[in-house]
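Since the model is a prediction, treat every value here as computed from it, not as a measurement.
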Amino acid sequence: MPILVMKFGGTSVADLDRIANAAVKVQREVERGYDVIVIVSAMSGRTNELVNWVETTSPFYDAREYDAVVSSGENVTAGLMALRLQEMGVSARSWQGWQVPINTTSAHSAARFESIPRDNLDAKFAEGFKVAVIAGFQGLSQEGRITTLGRGGSDTTAVAFAAAFGAERCDIYTDVDGIYTTDPRVSDKARKLDRIAFEEMLELASLGAKVLQTRSVELAMRYKVPLRVLSSFEETDETSGTLVCDEDKIMESKVVSGVAFSREEAKMTLVTVEDRPGIAGAIFGPLADAGVNVDMIVQNISEHQAKHAVKVTDMTFSCPINQVARARKAMEDARDAGLINFDDLVADEDVAKISVVGIGMRSHAGVAAQMFKALAAENVNIKVIATSEIKISVLVDRKYLELAVQALHDVFELDKA
């Protein structure tokens, strides 16, 4: 029988009524002739509760015990989902990560997949079971310990199973009905996309769109797993939601497919760094070691050159606002160690990142000019610019975020199909 993977997030299984609603959707796919692998998250809010219990009990906790506790939320949901399906007459069985087994690395709370053997689940399907309900977010280390996969781990689990079992498709059920051209809460002209290419979705996910987790999209793109994002709370059919697929499955793409943004950004500038070979490595090596997620990087001629005997430059980069203190300490430690020297480190914590994304940019010139003119027309000043083959990102003052998003959505006519 063809296999379908269905993943239900925390809001989709938040209580017994929502689990029952999700079970109806699973039953419908069984009736259509699929053997179904269901990946479930913990009930909404449960993982945060478990994390709080761990941190209250042991502020400097053992990561192995952290994973043992935090992974338990998914076990509860999986068992309840299997029970509900059985009550509906659907032959279902729940599986924890170690029972499959989902083999992962030993990096607790940030494990990565190594393999998912098919033997155990294939045997159950051969016996006549129609649904395997898998606890998402968790796996098994080589040492035989439970591991967890980090934020968005259930999405990644679903894609990994779809790849391992050659599933026809991986359906991600969530609290929105698809991927939009931008956040509908910011622009009332936001339009739901019928299809979007893997590369575009990967850029949108990494730039702030929170519908899909970045690792899950990377995995889907690598193994060519079609992803469908759709709502748990609406009636759905084969045409519902948004399909994330290969570029060649999209008949015609707009130049720009979406506008993504991130409010929680900071711009940091190292003033008067010596301009010499290796200076970039001396700066960004310590930042990487400190776990700072650097995004946009710009190097400028320093206006203070006349005060220095050697050639100097200013180095600007962006990072999440909650990593500013970590970045500052990494740079001060590098200066104390004699790796770099600078006059000042200036942090601007009142900026936002806005990006336009589209595979059509590869073959169309003038997108950047169009973007910059639209922002200029609204008197929005650009602080930093970064580009790739299918993306243009800018940093602007955070107070202009909504205005800038709406202006770009309009100028690229994203409300039109």
Is it true that a side-chain atom of [X] and a backbone atom of [Y] form a donor plus acceptor pair closer than 3.5 Å?
X: T157; Y: G136; answer: no
X: H409; Y: V405; answer: no
X: T56; Y: W53; answer: no
X: E74; Y: A42; answer: yes
X: D67; Y: S109; answer: yes
X: R326; Y: G291; answer: yes
X: N300; Y: M315; answer: no
X: S91; Y: V131; answer: no
X: D397; Y: K399; answer: no
X: R18; Y: V13; answer: no

Salt bridge (charged side-chain N to carboxylate O under 4.0 Å, His left out) between E127 and K124, intermediate numbers included: CA-CA 5 Å; E127 289 175 17; K124 284 299 179 184; 3.5 Å; yes
Side chains of [X] and [Y]: closer than 4.5 Å at any heavy-atom pair?
X: D35; Y: F129; result: no
X: M361; Y: V356; result: yes
X: M88; Y: V24; result: yes
X: T316; Y: M296; result: no
X: T242; Y: R228; result: no
X: L140; Y: T104; result: no
X: L414; Y: V259; result: yes
X: I279; Y: I340; result: yes

Are a donor atom and an acceptor atom from the side chains of [X] and [Y] found within less than 3.5 Å of each other?
X: S106; Y: E143; answer: yes
X: T11; Y: S44; answer: no
X: S257; Y: E200; answer: yes
X: T148; Y: H108; answer: no
X: N75; Y: Q138; answer: yes
X: E168; Y: Y34; answer: yes

Please report the interatomic distance [atom1]([X]) to [atom2]([Y]), rounded to the nearest 0.5 Å.
X: R195; Y: D246; atom1: CZ; atom2: CG; answer: 11.0 Å
X: C245; Y: M221; atom1: SG; atom2: CE; answer: 13.0 Å
X: S355; Y: F261; atom1: OG; atom2: CZ; answer: 11.0 Å
X: L403; Y: S187; atom1: CG; atom2: OG; answer: 11.5 Å
X: I172; Y: L230; atom1: CD1; atom2: CG; answer: 9.0 Å
X: C319; Y: K267; atom1: SG; atom2: NZ; answer: 11.5 Å

Would L227 and L212 satisfy side chain to side chain contact (heavy atoms under 4.5 Å, CB included), going step by step from the backbone distance to the final call? CA-CA 10 Å; L227 288 176; L212 286 175; 4.1 Å; yes
Assess the residue pair L408 and I354 against the criterion (side chain to side chain contact (heavy atoms under 4.5 Å, CB included)); give the C-alpha distance rounded to whole Å, side-chain angles, the decisive distance to 0.1 Å, and a yes or no. CA-CA 9 Å; L408 294 174; I354 302 172; 3.7 Å; yes
Closest approach of [X] to [Y] (non-hydrogen atoms, all atoms of both residues):
X: P286; Y: M331; answer: CB-CE, 4.1 Å
X: T236; Y: K25; answer: OG1-NZ, 4.1 Å
X: I250; Y: I196; answer: CD1-C, 3.6 Å
X: R215; Y: T156; answer: CB-OG1, 3.9 Å
X: V273; Y: L270; answer: CG2-CB, 3.5 Å

Starting from the C-alpha separation in whole Å, work towards a yes-or-no answer on salt bridge (charged side-chain N to carboxylate O under 4.0 Å, His left out) for R263 and E402. CA-CA 10 Å; R263 298 178 189 274; E402 286 82 2; 2.8 Å; yes
Should we say atom [atom1] of [X] is surrounded by more than 12 heavy atoms from elsewhere, each under 6.0 Å from it?
X: K189; atom1: NZ; answer: no
X: Q142; atom1: CD; answer: no
X: F233; atom1: CZ; answer: yes
X: N379; atom1: CG; answer: no
X: R84; atom1: CZ; answer: no
X: R151; atom1: CZ; answer: no

Answer yes when [X] and [Y] have at least one side-chain N-carboxylate O distance shorter than 4.0 Å, and no when they do not.
X: D171; Y: R169; value: yes
X: E332; Y: K329; value: no
X: E65; Y: R145; value: yes
X: D295; Y: K353; value: yes
X: E49; Y: R46; value: yes

With side chain to side chain contact (heavy atoms under 4.5 Å, CB included) as the test, would you mind laying out the steps for V133 and W95 before giving the verdict? CA-CA 6 Å; V133 186; W95 300 73; 5.9 Å; no
For side-chain hydrogen bond (donor to acceptor under 3.5 Å, both in side chains), just list the numbers for N103 and S115, CA-CA rounded to whole Å, side-chain angles, deciding distance to a tenth of an Å, and then say yes or no. CA-CA 5 Å; N103 297 314; S115 66; 3.0 Å; yes
Where does the angle between the aromatic ring planes of F284 and F317 fall among parallel (under 30°), tilted (30 to 60°) and perpendicular (over 60°)? perpendicular
For side chain to side chain contact (heavy atoms under 4.5 Å, CB included), just list the numbers for L202 and T214, CA-CA rounded to whole Å, side-chain angles, deciding distance to a tenth of an Å, and then say yes or no. CA-CA 6 Å; L202 185 58; T214 305; 3.6 Å; yes
Centre of Y180's six-membered ring, under 6.0 Å away, within 45 degrees of the axis: is that where NZ or CZ of R191 sits? no
Can you pull the salt bridge (Lys or Arg N to Asp or Glu O under 4.0 Å) pairs that have at least one residue in residues 355-367, sequence neighbours excluded? E199-R362, E247-R362, R362-E389
